[in-house]
Amino acid sequence: MRSTSGLMKFIHLSDLHLGKRVNEFSMAEDQRYILEQILRIIRDERPQGVLIAGDVYDKTVPPAEAVGLLDDFLVQLSQEGVQVYLISGNHDSPERLAFGGRLMEHSGIHMAPVYDGRVAVHTLEDAYGPVRVYLLPFVKPAHVRRYFPDREIDSYTDGVRTAIEAMEVEQGVRNVLVTHQFVTGATRCDSEECSVGGSDNVDASVFAPFDYVALGHLHGPQSVGRPEVRYCGTPLKYSFSEAGQEKSVTVVELEEKGTVRIRTIPLTPMRDLVELRGSYHQLTLRDFYQESGYQGAYVHITLTDEEDIPDGMGKLRIIYPYLMKLDYDNQRTRARQQVEGAENVEKKSPLELLEEFYQLQNGQPMGDQQRDFARGLMETIWEDER
């Protein structure tokens, strides 16, 4: 495909996580909304290619609704005449995602095949010559070692370096890599999977042959090592650790070799994801919740009341229908200790053990009324068992 605009433009996306549930809330409606917004951006920007850097689905066996969402999105991209380059991430099944890929090539949808020691390479043309797009799906060292048994591959860096060296990238032309890995120095969020001790780290130096590296895996938009090695981030917030992030799509423009321009276009979700903190009284004041605009957002509320609010979740959901999470921050929770094995269990009465447990859980002793209630309840239970 040849560009007539004089430069090569790509839209970089990743980590759609179609089919995801956040705190038991389905994100399907939100995902459909944001994909439609992305399509409008693509129509406005008129790129030659869309790079989708893995974790298309949230699970290796996605629900039917998620498959339908991706199908609709790819069909609409094809109708726009844009070339799509898509790889699998660590959440995807590479075999399922690659199914039908050879048939879809004719519609401009290029699905990375399952890694077999080689990668798919696609060439685009503009006024400055060819641009080669390499599709490297998520790989572990063991995946690469299988096809290069003579190479010493002990780490993720070794594996990715070996895979890239096997590509024999031509340095005189512009090269783009689409891949899905954790690059050393990047910042993670709570919703991302990680390996113990950072064993999944890939050193950014392995990407030296490429003018732009479209990364997937991390949810926060960021560059690593140099501006052209970039995570575009998720199009939606998928955990409360992402509440402060501004989600966007990344636009990449390549002119002559060595000239790469990167910018972002903000995305506006159907429902934002926010954190609120305060007493039950403060957060239920009409003036507060009407002016805040958070009634339509996904909410994590931290109550500062010293006593739990009976059915707090149910009561607060009357005002905040998309309340996802409720917890407390007060003297009791801050003083809470991890419950450890009690000493001299055999010598203590059930009531004494319950009092110790209550003290550990609540950071304060039982009151007389609570003790009398617990004693009466125990006696009633034991009487019924005789």
Can you see whether Y212 has R230 sitting over its ring - NZ or CZ less than 6.0 Å from the centre and within 45° of the normal?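 No, cation not above the ring by the 6.0 Å, 45° rule.
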Between V252 and R261, is there a side-chain heavy-atom distance shorter than 4.5 Å?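 A side-chain contact is absent here, since even the closest heavy-atom pair is not under 4.5 Å.
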Would you call the rings of H110 and H122 parallel, tilted or perpendicular if under 30° counts as parallel and over 60° as perpendicular?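 It falls in the tilted class, 30° to 60°.
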Tell me whether the rings of Y156 and F138 are parallel (<30°), tilted (30 to 60°) or perpendicular (>60°).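 The rings of Y156 and F138 sit tilted, inter-plane angle from 30° to 60°.
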Positive for side chain to side chain donor-acceptor pair (under 3.5 Å) with T302, one of N330, D327, D329: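 Running side chain to side chain donor-acceptor pair (under 3.5 Å) over N330, D327, D329 with T302 returns exactly one hit, D327.
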Is the closest basic N to carboxylate O distance between [X] and [Y] below 4.0 Å?
| X | Y | result |
| --- | --- | --- |
| E275 | K325 | no |
| D30 | K237 | no |
| R145 | E152 | no |

To the closest 0.5 Å, what do you measure between CE (M111) and CZ (R102)?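 Reported value, rounded in 0.5 Å steps: 13.0 Å.
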Nearest 0.5 Å, please: how far is CZ in F148 from OG1 in T162?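 The distance works out to 7.0 Å.
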Under 6.0 Å between the ring centres of Y294 and Y320?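 Distance test on ring centres: not under 6.0 Å, no.
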Would you say that more than 12 heavy atoms from the other residues, nucleotides or ligands in this model lie under 6.0 Å from the CZ of R226, or not?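 For R226, atom CZ is crowded (more than 12 foreign heavy atoms under 6.0 Å).
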